[in-house]
Number of protein chains: 2
Amino acid sequence: MSHVASLHPCGCGIDVHAHIVPASFPAYLGRTVPSPWPSTGEAPDARGLCHRHVLVNGRHYRTVDERCWSAPRRLADMDRMELAMQVVSPMPELLSYWLDLGDAQGLIRFLNEQTTAICADSGGRLLGLAAVPLQDVDAAIAELRHAVEALGLVGVEIGSNVNGVPVGDARFDPFFAACVALDVPVFVHALKPTGMDRLVGPAQLQQVLAYPGDVGLAAASVITGGLLQRLPDLRLAFSHGGGTLSALLPRLQQGWEVFPALRESIPESPRAQAARLFYDTLVFDAPTLRHLLHSFGAQSLMLGTDHPFNFHEPRPLDRLTEAGLDTATREALALGNAQRFLGRYLTLSKESS
Amino acid sequence: MSHVASLHPCGCGIDVHAHIVPASFPAYLGRTVPSPWPSTGEAPDARGLCHRHVLVNGRHYRTVDERCWSAPRRLADMDRMELAMQVVSPMPELLSYWLDLGDAQGLIRFLNEQTTAICADSGGRLLGLAAVPLQDVDAAIAELRHAVEALGLVGVEIGSNVNGVPVGDARFDPFFAACVALDVPVFVHALKPTGMDRLVGPAQLQQVLAYPGDVGLAAASVITGGLLQRLPDLRLAFSHGGGTLSALLPRLQQGWEVFPALRESIPESPRAQAARLFYDTLVFDAPTLRHLLHSFGAQSLMLGTDHPFNFHEPRPLDRLTEAGLDTATREALALGNAQRFLGRYLTLSKESS
């Protein structure tokens with residue numbers, strides 16, 4: 001299955017980091033009580049948008065609005081944000097690695113069908129990433145194959161860790177090999193981060209401060225674990241500008257040059273490996289964006305917004321302008337790199353718009 | 001007590017991040033068995049230097065050489081590194097927060113006396129930071145007072161966390177208030193970091209990848225916890241360029257602007273607070289150093305090397321040159337900021353050299 005997408009006249013960028021949440025979830029029919037199964041409940045509407053509370057384990061997790069499940073509402077935002085397309089993925093808290101496998105399989109199949117439905121309702125402007133039950137690598141491969149071949153999703157979103165195990169751990173190799181075999185990209189999103197016991201302040205600091213640390217260590221684990229040596233064709237992107245990786249990379253490079261044990265276990269230099277990964281631009285600061293360009297190279301960055309959650313980047317293309325990029329770099333970050341990342345699943349046709 | 005230091009003709013920089021390790025430790029006479037008490041053992045000499053293994057819990061922790069305990073050997077390096085002075089602090093693994101309080105008090109008193117001795121043997125080119133048993137705030141204050149008033153140490157080194165509690169936690173306020181009352185600076189060094197379960201590779205990744213994350217979250221905890229609001233005169237520096245803080249800060253700033261709960265709990269903007277802290281330059285990369293200047297300001301950075309450990313910066317002033325700093329910024333980073341950080345304990349006299 002291939003997507004021939006048209007560049008919408010309102011937009012000139014592709015946003016690879018945007019989320020969906022279903023309006024409601026099936027009732028839990030499993031046998032584990034209590035189960036961290038999600039549900040939604042009515043919330044007061046605001047700003048002309050229907051809102052719902054998302055509950056996990058019966059506790060309030062987040063309040064979201066209809067842009068999470070309504071394609072028309074989302075497209076109106078995308079026009080304002082100058083986005084031709086969005087690559088949408090489930091809210092990471094729904095990835096369900098912590099559920100019993102059977103429960104997770106049911107919930108994830110439902111999620112993937114919901115993602116397919118919102119994309120089908122978008123006139124080709126939304127492409128969807130699958131969720132997979134990565135607590136069981138074989139089950140994850142089976143779900144990925146179904147999501148890509150039967151549902152038409154164009155890639156997969158995974159967490160920065162799976163129940164505490166970073167994505168660079170070799171146990172996930174068969175799953176990543178399946179991604180290469182299916183020629184689909186992988187988007188790694190921060191999830192249930194390490195460092196929570198180091199925070200002093202409100203609950204929002206989890207996503208503000210601990211998310212970047214976890215995704216930075218996830219990217220580092222791919223580099224130190226040698227995943228790209230084993231699977232050189234894997235296309236792997238990291239959320240939130242790679243989190244803290246840009247701060248870790250010079251020290252990792254220096255450590256690799258100084259410590260024989262690191263030099264022996266990491267065959268390719270950390271800097272060279274980092275340049276072979278993808279990252280989104282979601283850093284909220286033009287000088288930091290320029291620093292990512294220095295750290296990772298112009299071929300590595302793609303627009304990311306976290307739309308439509310409260311803590312999102314409303315003007316992703318303005319950040320590129322602020323950063324003072326030349327035309328080729330701007331085009332690469334706005335469009336070209338996302339095209340390479342998405343691969344055969346995206347053939348853009350400017351003419352047909 | 002005040003130090004009138006002379007700028008040595010061989011050097012024009014002050015290094016605030018350098019470590020000592022005693023050549024040997026007293027035998028353990030406490031009652032906890034087994035105790036994580038340190039000891040040293042003979043190691044093969046190399047490069048014309050006497051080496052010793054440092055053991056903790058009877059296991060090999062690190063092999064160090066005589067530059068850790070010999071002032072003349074250290075001064076020869078400092079001449080080559082173009083350093084007028086070093087501010088030396090104990091190897092952080094010796095900070096002993098995890099020992100029984102009585103054991104920690106004995107070991108820390110010994111350490112502080114050893115630091116005093118190497119400084120006394122340096123012709124004024126080494127200034128020492130105290131260790132304190134911060135697992136007990138009252139005991140830490142008592143040791144700090146002794147170290148400053150009786151031994152002549154010029155400040156204190158603390159870990160980025162104390163048995164898992166980040167330094168921004170309000171329980172440490174009385175200790176920081178004592179630092180302000182004694183007018184001594186605090187150097188926060190990465191220690192027993194979070195995120196160890198996210199690493200894939202050799203043991204050295206603890207210091208290479210996890211250290212920067214822990215010190216970044218420590219600095220963030222000071223900002224989100226409001227320590228500088230309660231103690232505006234506190235002089236606080238963070239190791240390893242503040243670790244990951246430069247990557248976290250734009251997101252923390254944006255979160256502060258977006259989330260009412262963060263706005264209410266953090267009275268001063270994260271960016272403004274970050275500019276009131278100090279950081280060393282130990283990032284091994286000139287573009288990253290320039291990014292720290294953008295993130296924190298030219299008034300915040302001081303030379304740091306991790307000398308004489310294997311993984312140290314041998315040419316700290318060359319990094320400033322590589323970064324293309326103007327004369328005033330270079331002078332601030334090489335000397336001026338360290339003078340402000342050290343405060344009344346350092347009066348430089350270029351004439352008397």
Side-chain angles (χ1 to χ4, degrees), chain A residues 160-161 164-166 168-170 194-205 207-214 216-218 220-222 224-225 240-241 243-256 258-259 261-262 264-266 283-285 287-288 290-291 294-295 310-311, chain B residues 160-161 164-166 168-170 194-205 207-214 216-218 220-222 224-225 240-241 243-256 258-259 261-262 264-266 283-285 287-288 290-291 294-295 310-311:
Chain A
S160 48
N161 70 84
V165 180
D169 189 287
T194 189
M196 290 298 293
D197 57 345
R198 298 295 197 267
L199 305 179
V200 174
Q204 288 86 353
L205 293 180
Q207 49 174 310
V208 172
L209 291 176
Y211 266 20
D214 210 75
L217 288 176
S221 79
V222 165
T224 60
H240 309 96
T244 55
L245 183 67
S246 61
L248 301 177
L249 189 59
R251 189 168 168 83
L252 179 56
Q253 179 70 25
Q254 181 79 7
W256 182 76
V258 167
F259 290 118
L262 284 181
E264 282 156 24
S265 68
I266 305 174
V283 293
F284 299 111
D285 182 51
T288 300
R290 284 200 300 273
H291 188 60
H294 159 75
S295 301
N310 285 342
F311 189 30
Chain B
S160 47
N161 69 84
V165 180
D169 189 288
T194 188
M196 290 298 293
D197 56 345
R198 298 295 198 270
L199 305 180
V200 175
Q204 289 86 351
L205 293 180
Q207 49 174 312
V208 171
L209 292 175
Y211 266 21
D214 210 76
L217 289 176
S221 80
V222 165
T224 59
H240 309 96
T244 56
L245 182 68
S246 62
L248 301 177
L249 189 59
R251 190 168 168 83
L252 179 57
Q253 179 69 24
Q254 181 78 6
W256 182 76
V258 167
F259 290 117
L262 284 181
E264 282 157 24
S265 67
I266 305 174
V283 293
F284 299 111
D285 182 52
T288 301
R290 284 200 301 272
H291 188 59
H294 158 75
S295 301
N310 286 342
F311 191 29

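Convention: sequence-line order gives letters A, B, ...; per-chain numbering from 1.
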For chain B, find which of [options] contributes the most heavy-atom pairs closer than 4.5 angstrom.
{"options": "A:Gly216, A:Pro166, A:Ala247", "value": "A:Pro166"}
{"options": "A:Gly225, A:Ala220, A:Ser160, A:Gly164", "value": "A:Gly164"}
{"options": "A:His240, A:Gln254, A:Gln253", "value": "A:Gln254"}
{"options": "A:Arg290, A:Met196, A:His291, A:Gln204", "value": "A:His291"}
{"options": "A:Phe284, A:Phe311, A:Trp256", "value": "A:Phe311"}

Side-chain donor/acceptor of A:Arg198 to backbone N/O of B:Val165, under 3.5 Å: no
Among the options [options], pick out the one with the most heavy-atom pairs lying under 4.5 Å from chain A.
{"options": "B:Gly243, B:Pro250, B:Gly201", "answer": "B:Pro250"}
{"options": "B:Ala261, B:Pro287, B:Ser246", "answer": "B:Pro287"}
{"options": "B:Leu252, B:Asn310, B:Val283", "answer": "B:Leu252"}

Chain B contact via A:Gln207 - which portion, at a heavy-atom distance below 4.5 Å: both
Residue list, salt bridge (Lys or Arg N to Asp or Glu O under 4.0 Å) with A:Arg251, at least two apart or on another chain: none
Pairwise side-chain contact, A:Leu248 with B:Pro212, heavy-atom cut-off 4.5 Å (strictly under): yes
In Å, rounded to the nearest 0.5 Å, how long is the span from [atom1] of [X] to [atom2] of [Y]?
{"X": "B:Leu205", "Y": "A:Phe259", "atom1": "CG", "atom2": "CZ", "answer": "9.5 Å"}
{"X": "B:His294", "Y": "A:Thr288", "atom1": "NE2", "atom2": "OG1", "answer": "5.5 Å"}
{"X": "B:Asp197", "Y": "A:Thr194", "atom1": "CG", "atom2": "OG1", "answer": "5.0 Å"}
{"X": "A:Ser295", "Y": "B:Asp285", "atom1": "OG", "atom2": "CG", "answer": "7.5 Å"}

Full working for side-chain contact (heavy atoms from CB on, under 4.5 Å) between A:Thr224 and B:Leu199: CA-CA 8 Å; A:Thr224 60; B:Leu199 305 180; over 6 Å; no
Closest contact, heavy atoms only, B:Val208 versus A:Gly255: CG2-CA, 4.3 Å
A:Thr244: side chain to side chain donor-acceptor pair (under 3.5 Å) partners, not counting sequence neighbours: none
Part of B:Val258 lying under 4.5 Å from any heavy atom of chain A: side chain
Side chain / backbone / both / neither for B:Glu264 at chain A, heavy atoms under 4.5 Å: neither
